[in-house]
Structure formats: C-alpha cells, structure tokens
Amino acid sequence: MDTTMNLIHVSPSELTLVSNIRDAKASDDLVASVREHGLLEPINAYRDDNNDLVVRHGHRRTLAAVAAELDQVPVIVTSAPADDLDGKTDLIAAQWDENQQRQNLTTREQAETIAQLAAFGISPAQISKRLRVDRSTVDAATTMPDTDTLDRYDLTITQAAVVAEFADDDRAVDSLVRAAATGQFEHQAARLRQQRQIAAALAEARAQWEAKGVPVLEGWPAYDSKGEWVDRLVDVETGEKVTIDPDNPGDHLAVRLDADFTTVLTATGEPVDPYEIYEDDEEDRPEDAIIRSQVHEALVVQARWYCDDLAARGWKTPWSTASQGEPTEEEREQKRAERRDVIAANKAWLAAEQVRRDWLKTFCARKAAPKNSAAFVAATITTSPHLLSADRLRGERETYLTVPDTEAMTTAKATMTSLAMCLIAHEVNTHKGSWRHIDRRTVAYLRFIEDQGYALSPVERRACGDHVDTDEL
C-alpha cells in the first residue's frame, strides 16, 4: 500500500466531508481559536477517484476553518482507503481509533458506529475484529432499535439493548437502571425475562379457562369469604375427597392460576419433588429412584379450584364437625408467607443460574488462572474428590470448556484448566434447592467466583448464609 504523505495548503471550501462517526460540529470556542491562530494541526485527507480531497481526520477543524473564513489550511494528503464501499468502512474504523485515542467516543457514538458498519454489510465478526470490541457488544448495537437510551442513562451498549427489550414497561426500565448502578444488572434482567415468560403462560392459560366459561380468580379470596379450596373438601354424603371434571366443572367454582418453574420428568412432564432425586452415579439408591438425567426444569401452570358455596354443591370441610381442627387465619397466613418465600427463592435461583453459568463459560476461557486459585483447587481435590468423578461432570464439561491435548499444554493453561474443572464440578453440584441449606462446598464456590468479579444475586447470598428477606429476592 502506498503510504506517501504530502503537505499542501488549500482553501477549506475545497475539502469534502463524508460520514463521521461523531456529530461533527465546530464549537464557538474552536471557531474563535482558529480565526485568531489558524489551524495548529493539519487536516488529514486523501484524493478519491474524482481527485477530490476527502477529509479522513479533522472534520471539526475543517468546519471551524470554513466558519472562520480562512483562505487556506494545511492538509496532509495520504493514500486513499481500501476500495471497499468507496473506502467508508476503513475510514470509519480509522476514525474510531483516532477518536478513542484522543477522547473516548460516547457510548451512543460507539453504538452508532457499529450499526453504521453493519449497514454496509460488514459481518459482526469483522466489526468485532476491526474495532477490537467483543462480539456481544456488536450484537447489541446492531439489534438496538434506537440509541436514545444511551443518552438518557449511564449504561453500556449491551445493557442499553436489554433496556430496549422493556421499553414498554417504565417500572422494568427503572429497575434495570438502578440495578446497573449496583452490579446486579444481569440478575435483574434475568428475573424480568422470567417474569415475562410466566405472565405470558398465565395469560394463555386464563384465555383457555375463560373460553370454557370458568371464572378465574383475581388474587386470593378474602379472609372472610365463605368459600374454600376444593382440594380441602369432601362430599357430605360419602366423605370422599371431591374431584372436579375440568370439562364440566359445574356452578359455584372458579380457578386460581399459578405458574412456576418446576422440576418435571422429561418423559411425561409430571412434576417431581427435587429432594427425592438421586444423582446418576449414586450407588445406594432404590431401583425405582428418579435420577438427575431423567428430569429438567419447565414452566408449569397449575390451576387450583375454589368453591364459593359449599352447601350448594353438597361439600364440606373435614373439620366441619370438629371446628377445633380448623387452622387459624394467623396459621394460614404464616403458611402462605412460607409458600411465597419458597416460590420467590426458587424463581430467583433459576434466574441467577443462567447468569452465573454464562459468566462461568466466559471465565473458563481465560488463558491463565488468577493468582489466588491454587488453594481453591487444592480444597476441591482434597475435600470433595467425588465432585470431579461425577458422571454429570463428564456430560456437561463441554458446555463450559474445550480441553485440548494435555501433553501440549503450557503450565499456565494446565493450571487454568484444572481450576475450570473444579469450578464446573461445583456448578454441576448446585440445584434449585441450593438456597435452602447451607453447604460449605457451595459457599466456597460462590464466594470464590465473587472474588473473581461475579456479582452474587440476593438468593445466592442467601445460599452463602446471608439473611435475605423475601422482598429482596
């Protein structure tokens, strides 16, 4: 490539301005300075196919020279950019470097630059390489509907793209902006996405029940309601538990809908108790035991029947003739609170799990382990060797790590791979109920990744023994 440079003096009106990644405006102070002192630094330009001088660097200086009515300005003429889209992509990349070195581009300017390159047909991988930015930033900038969010809030490009997802929900946007200031942005985004999934599932279920003519309860029944949940009722004549035909439920019935991510059998979709699941490689287990590889987490909508007139249906509560067995309102409210906490914590854990595992994938790709990792690796090997031999570890390792030929590894890479295997082993050992009981291995794992820069969510802090109220989850 020709790198010849020539210094010439021309009228600023002879210079051609094309795209500039910054909003090129000459301030009054700059115009005044140029009028008094002239240009202290030459403009950089090249000649295009029509022999016109096209400004590469110095758009604001050119505008200031025109406004100051200078007769001539110094111009360094260099070779034209590569002939791709009339040199625009090389020009934009060069302007990116110049502006970043002089004074960092604003986040909005960075996003618009990336979008501009994408509009020229440059692939995300090429943009990432040319501008030396990570791929997630490129993807966010090219999918963002507008960049106004970056002017309103102090966010990264990837965060602004997430905020754009919730532009129709002011409360969600406010919670994301506040979370960005406390290091909890990814966790809050995961929770909001989870809430949208649940809301969509509930809306679909509501439409199906209402199409059948079945009323859907709004919230919980009033404390002084004379009705009762059907699963607590028996038939007055037979004493047998009441069952409902969902296709022909009859009068005086309504349903309350709840949705949650639940552990289910993969083969049937039937919910199972996560505390009755055995690990695949666990030796002492019953023949009919449910093992980890047979289940997964799924969003399940459950309908609970409510009757507002027991006498009309010929039903009663089992304690109708023995009122001393009926729970008090205080006891019922305590159970409701406990249930709300379990539901909130389970949802929070599943939302945090995805954020944590995405973070772990990135961390495992490091070239070298952090200096304080040796003790963690040693503790895992000596106190929890079974974690490293679990079948699930072998099955899920490739999700996080590609292990090359170990004989050709450098010492740094071998150390990092050992650390990654220990971290993956601990991650695989966690589950939706990890927040319920303090496990020293889980605590050590979570605190270690926290030390490496991962921001623990409230439910993860609860798993470490911190007191976290339901409202914080």
Student: Please report the interatomic distance CD(E237) to CH2(W315), rounded to the nearest 0.5 Å.
Tutor: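 Answer for the CD-CH2 pair, E237 versus W315, is 13.0 Å.
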
Student: Looking just at side-chain N and O atoms, do T380 and Y445 make a donor-acceptor pair shorter than 3.5 Å?
Tutor: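 No, no side-chain donor-acceptor contact under 3.5 Å.
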
Student: Give the minimum heavy-atom separation between A115 and A141, together with the two atoms involved.
Tutor: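 Nearest heavy atoms, A115 then A141: CB-O, 4.2 Å.
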
Student: What I'd like to find out is whether the side chain of L176 reaches to under 4.5 Å of the side chain of Q159, using heavy atoms alone.
Tutor: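 A side-chain contact is absent here, since even the closest heavy-atom pair is not under 4.5 Å.
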
Student: Taking all non-hydrogen atoms of both residues, which atom of T470 and which atom of A344 are closest, and how far apart?
Tutor: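 Shortest heavy-atom contact: CG2-CB, 4.1 Å.
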
Student: Is any side-chain heavy atom of R193 less than 4.5 Å from a side-chain heavy atom of F166?
Tutor: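 Of all side-chain heavy-atom pairs linking F166 with R193, at least one is under 4.5 Å.
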
Student: Under 3.5 Å, is there a donor-acceptor pair linking the side chains of E228 and T317?
Tutor: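 No.
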
Student: For atom NZ of K212, is the number of surrounding heavy atoms from other residues, nucleotides or ligands below 6.0 Å larger than 12?
Tutor: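 Yes, enclosed.
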
Student: Would you find a donor on one side and an acceptor on the other, under 3.5 Å apart, between the side chain of E204 and the backbone of A201?
Tutor: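 Checking the backbone N and O of A201 against the side chain of E204, no donor-acceptor pair under 3.5 Å is found.
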
Student: Taking all non-hydrogen atoms of both residues, which atom of I438 and which atom of C464 are closest, and how far apart?
Tutor: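 In terms of heavy atoms, the two residues are closest at CD1-C, 4.2 Å.
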
Student: Are the side chains of L150 and E109 in contact, using a 4.5 Å heavy-atom criterion?
Tutor: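 Of all side-chain heavy-atom pairs linking L150 with E109, none is under 4.5 Å.
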
Student: Working to the nearest 0.5 angstrom, can you tell me the gap between L423 CG and L419 CG?
Tutor: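 Here the rounded value is 4.5 Å.
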
Student: Is the ring pair F376/H426 parallel, tilted or perpendicular, if the boundaries are 30 and 60 degrees?
Tutor: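 F376 and H426: tilted rings.
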
Student: Assess whether salt bridge (charged side-chain N to carboxylate O under 4.0 Å, His left out) is satisfied between R313 and D309, documenting all intermediate values.
Tutor: CA-CA 7 Å; R313 294 300 301 257; D309 192 335; over 6 Å; no

Student: Tell me, which pairs form a side-chain hydrogen bond (donor to acceptor under 3.5 Å, both in side chains) where one or both residues lie in residues 243-255, sequence neighbours left out?
Tutor: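 Residue pairs with at least one partner in residues 243-255: H252-D308.
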
Student: Check whether T417 reaches the backbone of K413 with its side chain - one donor and one acceptor, N or O, closer than 3.5 Å.
Tutor: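 Here the side-chain-to-backbone pair exists.
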
Student: Q302 versus L257: any side-chain heavy-atom pair under 4.5 Å?
Tutor: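 No, side chains not in contact.
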
Student: I'd like to check M421 versus S418 (side-chain heavy atoms, cut-off strictly below 4.5 Å). Are they in contact?
Tutor: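 No; the side chains remain at least 4.5 Å from each other.
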
Student: How long is the span from the CD1 atom in I157 to the OG atom in S136, to the nearest 0.5 Å?
Tutor: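 It comes to 9.5 Å.
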
Student: Side-chain donor-acceptor pair under 3.5 Å between Q188 and R191, yes or no?
Tutor: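 Their side chains do contain a donor-acceptor pair, which is all the 3.5 Å distance test asks for.
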
Student: Please give me the minimum heavy-atom distance between V162 and A189, naming the atom from each residue.
Tutor: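 Smallest interatomic distance, heavy atoms only, reads CG1-CB, 3.8 Å.
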
Student: Is there side-chain contact between R178 and Q184, with at least one heavy-atom pair below 4.5 Å?
Tutor: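 No, their side chains stay 4.5 Å or more apart.
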
Student: Could you tell me whether the side chain of S128 and the main chain of V133 form a donor-acceptor pair under 3.5 Å?
Tutor: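 Flag set: sc S128 to bb V133 pair under 3.5 Å.
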
Student: By the ring pair (Phe, Tyr, Trp, His ring centres under 6.0 Å) test, which pairs, at least two apart or in different chains, include something from residues 173-217?
Tutor: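 Ring pair (Phe, Tyr, Trp, His ring centres under 6.0 Å) check on residues 173-217 returns H187-Y454, W209-W305.
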
Student: Applying salt bridge (charged side-chain N to carboxylate O under 4.0 Å, His left out) as the test, list every pair that has at least one member in residues 361-375; sequence neighbours left out.
Tutor: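 For residues 361-375: none.
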
Student: Does any donor atom in the side chain of T263 or E297 lie under 3.5 Å from an acceptor atom in the other side chain?
Tutor: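 Yes, because at least one side-chain N or O of T263 sits under 3.5 Å from a partner of the opposite role on E297.
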
Student: Show, in sequence, the C-alpha distance, side-chain angles and deciding distance for V459 and V468, and conclude whether the side-chain contact (heavy atoms from CB on, under 4.5 Å) test is met.
Tutor: CA-CA 7 Å; V459 74; V468 178; over 6 Å; no

Student: Under 4.0 Å between a Lys/Arg side-chain N and an Asp/Glu carboxylate O for E333 and R336?
Tutor: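 Result for this pair is yes, salt bridge flagged.
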
Student: Quick test of your reading of the model: are E460 and R447 salt-bridged, counting only N-O distances below 4.0 Å?
Tutor: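 Salt bridge flag = no for R447 with E460.
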
Student: Can you name the closest pair of heavy atoms from A118 and T142 and give their distance?
Tutor: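 Closest approach of A118 to T142: CB-CG2, 3.5 Å.
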
Student: Could you measure the distance from the OG1 atom of T262 to the NZ atom of K432? Nearest 0.5 Å is fine.
Tutor: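 If I round to the nearest 0.5 Å, the distance is 5.0 Å.
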
Student: side-chain contact (heavy atoms from CB on, under 4.5 Å), that's the test. Do L117 and Q126 meet it? Break it down for me.
Tutor: CA-CA 10 Å; L117 288 173; Q126 290 175 314; over 6 Å; no

Student: Taking C-beta and beyond as the side chain, do V295 and V264 meet within less than 4.5 Å on heavy atoms?
Tutor: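 The answer is no, as the side chains (C-beta and beyond) never meet within the 4.5 Å cut-off.
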
Student: Quick one: pull up CZ in R135 and OG1 in T158 and give me the separation to the nearest 0.5 Å.
Tutor: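 Answer rounded to 0.5 Å: 14.0 Å.
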
Student: Looking only at side-chain N and O atoms, does T107 offer a donor or acceptor that is under 3.5 Å from a partner on Q110?
Tutor: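 The criterion, which ignores hydrogens and geometry beyond distance, is not satisfied for T107 and Q110.
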
Student: Give a yes or no answer on whether the side chain of D469 reaches the backbone of D471 with a donor-acceptor pair at less than 3.5 Å.
Tutor: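 Answer holds: no.
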
Student: Filter on salt bridge (charged side-chain N to carboxylate O under 4.0 Å, His left out), then keep only pairs touching residues 258-276, sequence neighbours left out; what's left?
Tutor: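 Listed by first then second residue: R256-D258.
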
Student: Nearest 0.5 angstrom please: E427 CD to C422 SG, how far?
Tutor: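 That separation rounds to 14.0 Å.
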
Student: Which pairs count as salt bridge (charged side-chain N to carboxylate O under 4.0 Å, His left out) when at least one residue sits in residues 344-353, sequence neighbours excluded?
Tutor: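 Pairs touching residues 344-353 that pass the test: E353-R357.
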
Student: Taking all non-hydrogen atoms of both residues, which atom of P124 and which atom of D139 are closest, and how far apart?
Tutor: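 Minimum heavy-atom contact is CB-OD1, 4.0 Å.
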
Student: Heavy atoms, side chains only, cut-off 4.5 Å: are L233 and K316 in contact?
Tutor: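 They are not in side-chain contact.
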
Student: Centre-to-centre under 6.0 Å for H296 and F261, is that the case here?
Tutor: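 So the answer is no for these two rings.
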
Student: Does R356 make a cation-pi contact with W349 (under 6.0 Å, within 45 degrees of the axis)?
Tutor: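 Satisfied, under 6.0 Å and within 45°.
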
Student: Step by step, work out the side-chain contact (heavy atoms from CB on, under 4.5 Å) result for D231 and R304.
Tutor: CA-CA 8 Å; D231 53 31; R304 191 180 187 190; 2.8 Å; yes

Student: With T442, which residues qualify under side chain to side chain contact (heavy atoms under 4.5 Å, CB included), at least two apart?
Tutor: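 Here the qualifying residues are T430, D439, L446.
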
Student: Donor-acceptor pair, E210 side chain versus A207 backbone, under 3.5 Å?
Tutor: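 Side chain of E210 to backbone of A207: no pair is present.
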
Student: Do the side chain of R461 and the main chain of D466 share a donor and acceptor less than 3.5 angstrom apart?
Tutor: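 No: the side chain of R461 does not pair with the backbone of D466.
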
